[in-house]
Amino acid sequence: MDSSRRCRTASTTTSPGSPFKGCASSSSATSTPSRRRPGMADIPYRFERTRDCASLHQEFDGIDAGAETGTRVSVAGRLMLRRVQGKLAFGTLQDSSGRVQLFAGAAWTAEFEEFGKLSLGDWIGASGEVVKTKRGELSIKVDEWVLLAQARRQFPDKWHGLADVDTRYRQRYVDLWVTDESRRTLQLRSRIISGLRRWLEDRGFVEVETPVFHPLAGGATAKPFTTHHNALDIDLYLRIATELYLKRLVVGGFEKVFEIGRTFRNEGLSPRHNPEFTMIEVYEAYADYTDMMTLTESVVADLARDLLGTTRLSYGGRDLDLTPPWRRATLLELVEEHAGVRVDIDMPIDDLRVVAKEHGVDVQPEWGPGKLVLELYEKTTESELWGPVFVMDYPQEVSPLARPHRSRPGWVERFEPIVAGRELGNAFSELTDPDIQRQMFEAQAAAKAAGDEEAMAVDEDYLRALEYGLPPTAGLGIGIDRLVMLFADAHHIRDVLLFPTLRPEQ
RNA sequence: GCGCCUCUAGCUCAAUGGCAGAGCAACGGACUCUUAAUCCGCAGGUUCUGGGUUCGAAUCCCAGGGGGCGCACCA
């Protein structure tokens, strides 16, 4: 970088109580003020800003062009644009709330020369009167200002911004400044999570934090990450779900409980998958899966109304109406609709195999009827669904933690909400019977022994908890990242993650 | 993992086998109401890396690396 960047700190004429109190002087005796490069010693330790950009627009956008308000404010942020014009200079300051124009002039701005030499990306604090220029742009008529951080690296092209998505993900700290969409999406993510939390707390749900390190990776079928604890000399798994600990808490008397947490699965990356992702799991005692359907459609619709102002969205150019109630249909009904075949798990398994094969399923000999039906659904139906729709009732064979259906033997009370063509989550009436749970775990353990890396192990402590008594309970898991994608009309999970998982540089 | 595409200045992009260029940013200068300000000037390169073909390679070939998209596994 150049060595001629000049000192641009505010003058020593600041009055007590001004935001510039404590700022170093640019005119110290030992240096040539106009050529001295600002060192960190010149950077103040604090800057008292009185307003953000958005609040200024909110209050003053109505004033006339050329008006002066007599109101003096202090703002801070990054200089994103700069237009120097002899004895006048205009700058565009951006903070987390928006942008406002800075209006400097040799006649009224301290260190005017240096102001005009600021680089794009420099952080500054500035004070002055709120005015509107002759051309009608709301501005701060800057009398004092101070450099808060120098952008030693050049900011991207002010018009084109960052086009290389890899750079955008790797250098999110730059992307967030120059790509409005990134900033909007990631701010929306924060509001979604905060909104979810508030929605549940308003209804008596209690947020908890359960361990990330699990001695057994349970609660879902997925490949875990493994790590090692030295002092205990044991291998631990990063959690693939929070489910089993949350249900232990229901046993412990947390009747309405939820956790918003990072979850880890050692699987491939794709537009919809990141190895670490965020799930919310919700458990409610005395409730069943129909209650969870109502909860799901309510919370999603309420959030959409609050954050987007409507429940009628557009995703990828296609309409999506989240207004409750959402359609509820069984998995078999939907398979019949989309594949045109009527199947069930009690039909002769050879017939089922034939039907599955006819629809392009790569049938494995060890699959039971439940797995065959599920594969048939995934192959023929799931991708055709747009939703929102609750796909209800799954085969027990593929649902080891769900409670058997109250009237359909071999099935469980489980649903997946499909929204915009993708699974948003998974929910069931929870399996409360420790004997059935043990059988389900043992079947899983057998599959694991046979080489299925994603199968579960027998969790004796969880069984012990069930033996103390789990009341009727409904549980729900929602992929937060996918919910954000939906609301933000984002089509890659990386667009809703601040720092997505990437291969390390070099 | 497999297939296809891609990588050139800080950023956005040209140059399609024949002297590596433009705009923006940076740097020097002009300019008292700009809005991606404008104008003049100046500087900026291991063309991802390594090999090969060729009189000559950013360009063609091979290998490797980064990235994108699709398929497969999955939330």
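In what follows, chains carry the letters A, B, and so on, assigned in the order in which the sequence lines appear, proteins first and then strands, with residues in each chain numbered from 1.
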Student: Is it true that a side-chain atom of A/Ser97 and a backbone atom of A/Cys53 form a donor plus acceptor pair closer than 3.5 Å?
Tutor: yes
Student: Remember a base hit wins even if backbone is also touched, and classify A/Arg170 as base, sugar-phosphate or nothing at under 4.0 Å, heavy atoms.
Tutor: sugar-phosphate
Student: What's the closest nucleotide to the side chain of A/Glu137 if the choices are B/G67, B/U32, B/U35?
Tutor: B/U35
Student: Using the ring of each side chain (for Trp, its six-membered ring), is A/Tyr315 parallel, tilted or perpendicular to A/His491, with breaks at 30° and 60°?
Tutor: perpendicular
Student: Measure from CZ on A/Phe90 to P on B/A36 and round the result to the nearest Å.
Tutor: 13 Å
Student: Scan A/Val178 against the nucleic acid and name what it touches under 4.0 Å (heavy atoms): base, sugar-phosphate only, or nothing.
Tutor: nothing
Student: Rounded to whole Å, how long is the line connecting atom CZ of A/Arg239 with atom C1' of B/A75?
Tutor: 14 Å
Student: What integer number of Å spans the C1' atoms of B/U59 and B/G18?
Tutor: 11 Å
Student: Round to the nearest Å and state the distance from A/Arg265 atom CZ to B/A75 atom C1'.
Tutor: 6 Å
Student: Identify which nucleotide among B/A36, B/G66, B/C33 has an atom closest to any side-chain atom of A/Lys158, counting heavy atoms from C-beta outward.
Tutor: B/A36
Student: Considering only the C1' atoms, how many Å lie between B/A15 and B/G45, rounded to the nearest integer?
Tutor: 14 Å
Student: Determine the minimum heavy-atom distance between A/Leu497 and A/Leu186, stating which atoms define it.
Tutor: C-CD2, 3.8 Å
Student: If you check the A/Gln85 side chain, which of B/U35, B/G67, B/A37 turns out closest?
Tutor: B/A37
Student: Measuring from the side chain of A/Glu423 (C-beta onward, heavy atoms only), which nucleotide among B/A75, B/G66, B/G70 has the closest atom?
Tutor: B/A75
Student: Okay, side chain of A/Glu68, backbone of A/Val130: is any donor-acceptor separation there less than 3.5 Å?
Tutor: no
Student: Within the 4.0 Å heavy-atom criterion, would you say A/His492 contacts the bases, only the backbone, or no part of the nucleic acid?
Tutor: sugar-phosphate
Student: A/Leu120 side chain: which of B/U35, B/A25, B/A36 is closest?
Tutor: B/A25
Student: Considering only B/A37, B/G70, B/A25, which nucleotide approaches the side chain of A/Arg83 most closely?
Tutor: B/A37
Student: Quick one: label A/Arg82 by what it contacts on the DNA or RNA (base, sugar-phosphate, nothing), any heavy atom closer than 4.0 Å.
Tutor: sugar-phosphate
Student: Within 45 degrees of the axis of the six-membered ring of A/Trp177 and under 6.0 Å from its centre: does A/Arg183 put its NZ or CZ there?
Tutor: no
Student: Think A/Arg248 forms a cation-pi with A/Tyr245, using NZ or CZ under 6.0 Å from the six-ring centre and within 45 degrees of its axis?
Tutor: yes
Student: Figure out the CG/P separation between A/Leu486 and B/A75, and round it to whole Å.
Tutor: 17 Å
Student: Polar atom pairs between nucleotides 11-15 of chain B and protein, under 3.5 Å, N or O only, would you list them?
Tutor:
unit_1	atom_1	unit_2	atom_2	d
B/C11	O2'	A/Asp157	N	3.1
B/C11	O2'	A/Gly161	O	2.9
B/C11	O2	A/Asp157	OD2	3.4
B/U12	OP1	A/Ala163	N	2.9
B/U12	OP1	A/Asp164	N	3.1

Student: Looking at the side chain of A/Phe277, which of B/G66, B/U35, B/A75 is the nearest nucleotide?
Tutor: B/A75
Student: For atom P, what is the distance between B/U54 and B/C7, given to the nearest Å?
Tutor: 26 Å
Student: Please state how far atom OH in A/Tyr169 lies from atom C1' in B/G66, giving the value in whole angstrom units.
Tutor: 15 Å
Student: A/Phe499 ring centre to A/Arg172 NZ or CZ under 6.0 Å, with the angle to the axis within 45°?
Tutor: no
Student: Touch check for A/Gly479, heavy atoms < 4.0 angstrom, all strands: base, sugar-phosphate only, or nothing?
Tutor: nothing
Student: Suppose you measure atom P in B/A14 against the same atom in B/C48; what distance do you get, rounded to whole Å?
Tutor: 14 Å
Student: Quick one: A/Ile260 CD1 to B/A75 P, roughly how many Å, whole number?
Tutor: 20 Å
Student: Can you name the salt bridge (Lys or Arg N to Asp or Glu O under 4.0 Å) partners of A/Glu267, sequence neighbours left out?
Tutor: none
Student: Taking the same atom, P, in B/G44 and in B/A20, what whole-Å distance lies between them?
Tutor: 15 Å
Student: With RNA chain B as reference, determine whether A/Ala222 or A/Leu502 sits nearer its 5' end, using the nearest nucleotide of each.
Tutor: A/Leu502
Student: Evaluate the criterion side chain to side chain donor-acceptor pair (under 3.5 Å) for residue pair A/Glu259 and A/Thr210; output intermediate values, then yes/no.
Tutor: CA-CA 8 Å; A/Glu259 177 163 12; A/Thr210 64; 2.5 Å; yes
Student: Work out how far the C1' atom of B/G50 is from that of B/A58, and round it to whole angstrom.
Tutor: 16 Å
Student: Under 3.5 Å for both pairing distances: what stems, at least three Watson-Crick or G-U pairs long, include RNA chain B?
Tutor: B:1-7 with B:65-71, B:10-13 with B:21-24, B:27-30 with B:38-41, B:48-52 with B:60-64
Student: Base, sugar-phosphate, or nothing: which does A/Arg503 touch, judged by heavy atoms less than 4.0 Å apart?
Tutor: sugar-phosphate
Student: What orientation do A/Phe415 and A/Tyr289 show, parallel under 30°, tilted 30 to 60°, or perpendicular over 60°?
Tutor: tilted
Student: Between atom CZ in A/Arg272 and atom C1' in B/G70, what is the gap in whole Å?
Tutor: 11 Å
Student: Across the strands shown, which category fits A/Gln101 at heavy-atom distances under 4.0 angstrom: base, sugar-phosphate, nothing?
Tutor: base
Student: Side chain of A/Leu81, heavy atoms from C-beta onward: which of B/G66, B/A37, B/A75 has the nearest atom to it?
Tutor: B/A37
Student: Is a donor on one side and an acceptor on the other found under 3.5 Å between the side chain of A/Arg265 and the backbone of A/Ile240?
Tutor: yes
Student: Closest heavy-atom contact between A/Leu88 and A/Gly105?
Tutor: CD2-CA, 4.1 Å
Student: Could you measure between the two P atoms, the one in B/G70 and the one in B/G10, and give it in whole Å?
Tutor: 31 Å
Student: Report the residue (A/Trp108 or A/Thr278) whose heavy-atom-nearest nucleotide on RNA chain B is the more 5′ of the two.
Tutor: A/Trp108
Student: If I pick the C1' atom on B/U47 and the same atom on B/G21, what distance separates them, to the nearest angstrom?
Tutor: 12 Å
Student: Rounded off to whole Å, could you give me the CD-to-C1' distance for the A/Glu281 and B/A75 pair?
Tutor: 11 Å
